[in-house]
There are 2 protein chains.
Amino acid sequence: MADNAVRKVRDDIENGIVAGEFAPGSRLDEVTLSKRFGVSRTPVREALMQLSATGAVELRPRRGAIVVDHSPQRVYEMFEVMAELEGLAGSLAARRCTASDRAALSAAHERCRASAEAGGTDAYYYDNEEFHHAIYAASHSGFLAEQCGALHRRLRPYRRLQLRVQNRLRASFDEHEQIVKAILAGDEEAARARLRAHVVVQGDRFGDLLSAFAERARP
Amino acid sequence: MADNAVRKVRDDIENGIVAGEFAPGSRLDEVTLSKRFGVSRTPVREALMQLSATGAVELRPRRGAIVVDHSPQRVYEMFEVMAELEGLAGSLAARRCTASDRAALSAAHERCRASAEAGGTDAYYYDNEEFHHAIYAASHSGFLAEQCGALHRRLRPYRRLQLRVQNRLRASFDEHEQIVKAILAGDEEAARARLRAHVVVQGDRFGDLLSAFAERARP
DNA sequence: CACCCAGCTCTTGTATACACGGCTTCGGAG
DNA sequence: CTCCGAAGCCGTGTATACAAGAGCTGGGTG
C-alpha cells in the first residue's frame with residue numbers, strides 16, 4: 001500500500017540495501033526492523049513483501065527475508081533486458097511522438113546538456129532519468145512505460161555507480177544527442193538501435209560495471 | 001509467502017478474476033473475502049498485495065482493491081512488450097543453446113505437434129507453455145527468463161481465449177516450426193523476428209483479440 | 001571423540017483488537 | 001427543491017497476541 005508507514009519502511013530498507021548497510025545475503029529480521037523503525041511487524045512484513053515483488057529481497061517461507069545478491073552477471077542480464085525495452089520505447093516514440101512529446105524530450109535533453117557542462121554527476125543523473133522517462137511517455141504505451149520505469153528504478157543504484165566513471169557522463173550525453181535526433185526524425189530503427197546501444201553494458205562499460213562492484217564491496 | 005493460506009487465497013482470487021466471477025472494476029472487500037475463504041484478514045491482505053504486484057488488481061490507499069480493467073489497448077501493449085522480450089530470448093537462445101537445450105526444445109515442439117494433431121486446445125495450450133519456457137531457459141539469462149515467465153503468466157487468460165479461434169492452433173504450430181528451425185540453425189535474427197511475429201498481436205489476430213473480449217463480456 | 005536425537009528458543013504465519021480516514025446519509029438552510 | 005455540511009458508519013491501516021515450524025544447543029550413545 002502506498003500508505004505512509006509501509007512506504008516509509010520500504011524506502012528506508014531499500015536505501016539501506018543500496019547504501020550497503022544491509023549486505024547482500026544478510027537476513028532481515030522482522031522484529032529487529034520493526035523496533036528500529038518504531039512500527040509494528042505488520043507494516044514491516046508488507047514492506048518486505050513489496051521489496052520481494054520488486055526483486056530487492058528474497059522471501060523464503062518460514063525462513064525470513066534475505067537481501068538478494070545481485071551478481072555482476074545478473075546485473076548485466078538486467079541491463080540487457082532494459083536495453084531491449086528501451087529500444088522498443090524509442091522505436092515507438094519515433095513513430096508516435098506528438099508535438100508536446102517532442103518539446104518535452106528536447107527540454108529534458110537541454111537540461112541534461114546544462115548539467116553535463118556544469119559537470120555535476122548528481123544533477124546529470126537526475127536529468128538523465130527525466131530524459132528517459134520522456135522517451136517512455138512518448139512511446140504512448142502505458143504498459144511499456146510502467147515496465148521501463150520499474151526496471152529503471154531497480155537498476156538505479158548501478159547506473160549511479162557507472163556514471164562516476166571518467167568521461168562516461170560526456171559519452172552518455174553524446175549518445176542522447178543521437179537518440180534525440182533519431183526520434184525527432186521519426187527513424188524508428190535508428191532510435192531503437194541507438195537506445196539499445198546506450199543502455200546495454202558492453203565493451204569498456206562491462207569493465208566499469210565490475211570495478212563499480214569492487215568499489216561497492218569496500219566499506 | 002509462498003505459504004499455504006495466502007497462496008491459496010491468491011490463487012482463488014486470481015481464478016475468480018479470470019473466470020469472471022470478480023468483474024473488472026469491482027471492489028474486493030477484505031472482510032468479505034476473508035469470510036468467504038474462512039481465513040483472517042491478514043492473509044487476504046497479503047494475497048491482495050501480491051496480486052497488486054503482478055498487476056491483477058489495483059490497490060488505492062484507504063480505498064481498497066479493485067480488479068483492474070484490462071482494456072484491449074492495454075492487452076495489446078502487453079503483447080507488444082512480450083513479443084520484444086521473447087524475441088530477445090529467441091535471439092539469445094539461438095546463440096547460446098546447448099545440446100540439452102536443443103533436445104528440450106525439440107521435445108517440447110514434438111509434444112506440441114502431437115497435441116495439435118489431436119486437436120485439443122487445452123492440451124496444446126499446456127504444451128505451448130512448455131515450449132516457450134524451453135526457449136526462456138535456452139536463453140541462459142535468468143533474469144530474462146523470470147520476466148518472460150511473469151508476463152507469460154499474466155497474459156495466460158488472453159492467450160487461452162485466442163487459441164479458440166479457428167485455425168489459430170495450426171498457425172501457431174507452423175510458426176513454432178520456423179522458430180525451432182531458426183534457433184537450431186543458430187540464426188539469431190531470424191529467431192528474433194519469428195518469435196516477435198509469433199507473439200505480437202497484429203493483422204487478423206487483433207480482430208480475434210477484440211472478439212475474445214466481446215465473448216468474455218457475456219455471462 | 002563424533003554423531004544423532006530431543007527439547008527449547010526464536011522467528012515467522014495467522015488471528016483478533018484497536019484507531020483513523022473516507023464515504024454516505026440525513027438534516028438544515030438558502 | 002437543491003445544495004452544503006456534519007455526524008455516523010464502514011472499511012482499511014496498524015498493533016498486539018497466539019500458534020506452529022525451523023534451527024540450535026546440549027546431552028547421551030555408539
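Note that the structure is predicted; figures quoted are calculated from it, not measured. Chain naming here is simple, since letters A, B, ... match the order of the sequence lines and numbering starts at 1 in each.
Of the N and O atoms on the side chains of A:Glu46 and A:Gln50, not one donor lies less than 3.5 Å from an acceptor on the other residue. For the residue pair B:His198 and B:His176, a side-chain donor N or O sits within less than 3.5 Å of a side-chain acceptor on the partner. In this model, no donor atom of one side chain and acceptor atom of the other lie less than 3.5 Å apart for B:Ser141 and B:Tyr136. A:Asp101 and A:His140 form a side-chain donor-acceptor contact under 3.5 Å, judged by distance and modelled atom types alone.
The aromatic rings of A:His70 and A:Tyr158 stand perpendicular to each other, their planes meeting at an angle above 60°, with 30° marking the opposite boundary.
In this structure, B:Glu46 atom CD and D:dG13 atom P are separated by 13 Å, rounded to whole Å. Look at CZ on A:Arg7: it is 12 Å from P on D:dT14, rounded to the nearest Å. Between the NZ atom of B:Lys35 and the P atom of C:dT16 there is a distance of 13 Å, rounded to whole Å. One can place CG of B:Leu48 at 14 Å from P of D:dG11, the figure rounded to the nearest angstrom. Following rounding to the nearest Å, B:Glu30 (CD) and C:dT14 (C1') show an atom-to-atom distance of 15 Å. Taking atom CG on B:Asp29 and atom C1' on D:dG13, their separation rounds to 14 Å, with Å as the unit. Here C:dG13 presents its P atom at 7 Å from CG of A:Leu59, a figure rounded to the nearest Å. The separation between A:Lys8 atom NZ and D:dT14 atom C1' is 15 Å, rounded to whole Å.
A:Arg60 places no side-chain N or O within 3.5 Å of a backbone atom of A:Ile66 that could act as its donor or acceptor partner. With A:Arg96 contributing its side chain and A:Ser139 its backbone, the two residues share a donor-acceptor pair below 3.5 Å.
Axis deviation across the helix from C:dC1-D:dG30 to C:dG30-D:dC1 amounts to 10°, comparing end segments of five pairs, rounded to 10 degrees.
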Show the distances under 3.5 angstrom between N or O atoms of the protein and N or O atoms of nucleotides 18-25 of chain C.
residue	atom	partner	partner atom	Å
C:dC20	O2	B:Arg62	NH1	3.4
C:dC23	OP1	B:Arg63	NE	3.1

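Phosphate proximity of D:dG13 to B:Arg45: present, with a side-chain N or O under 4.0 Å from OP1 or OP2.
In the set C:dA15, C:dT14, D:dT14, the nucleotide with an atom closest to the side chain of B:Val39 is C:dA15.
Nearest-nucleotide mapping onto DNA chain D: of B:Val31 and B:Thr42, the residue sitting toward the 5' end is B:Val31.
Side-chain contact check for A:Val39 versus A:Lys8: every heavy-atom pair is 4.5 Å or farther apart.
Screening residues 141-154 of chain B for salt bridge (Lys or Arg N to Asp or Glu O under 4.0 Å), with sequence neighbours left out, gives A:Arg74-B:Glu146, B:Glu14-B:Arg153.
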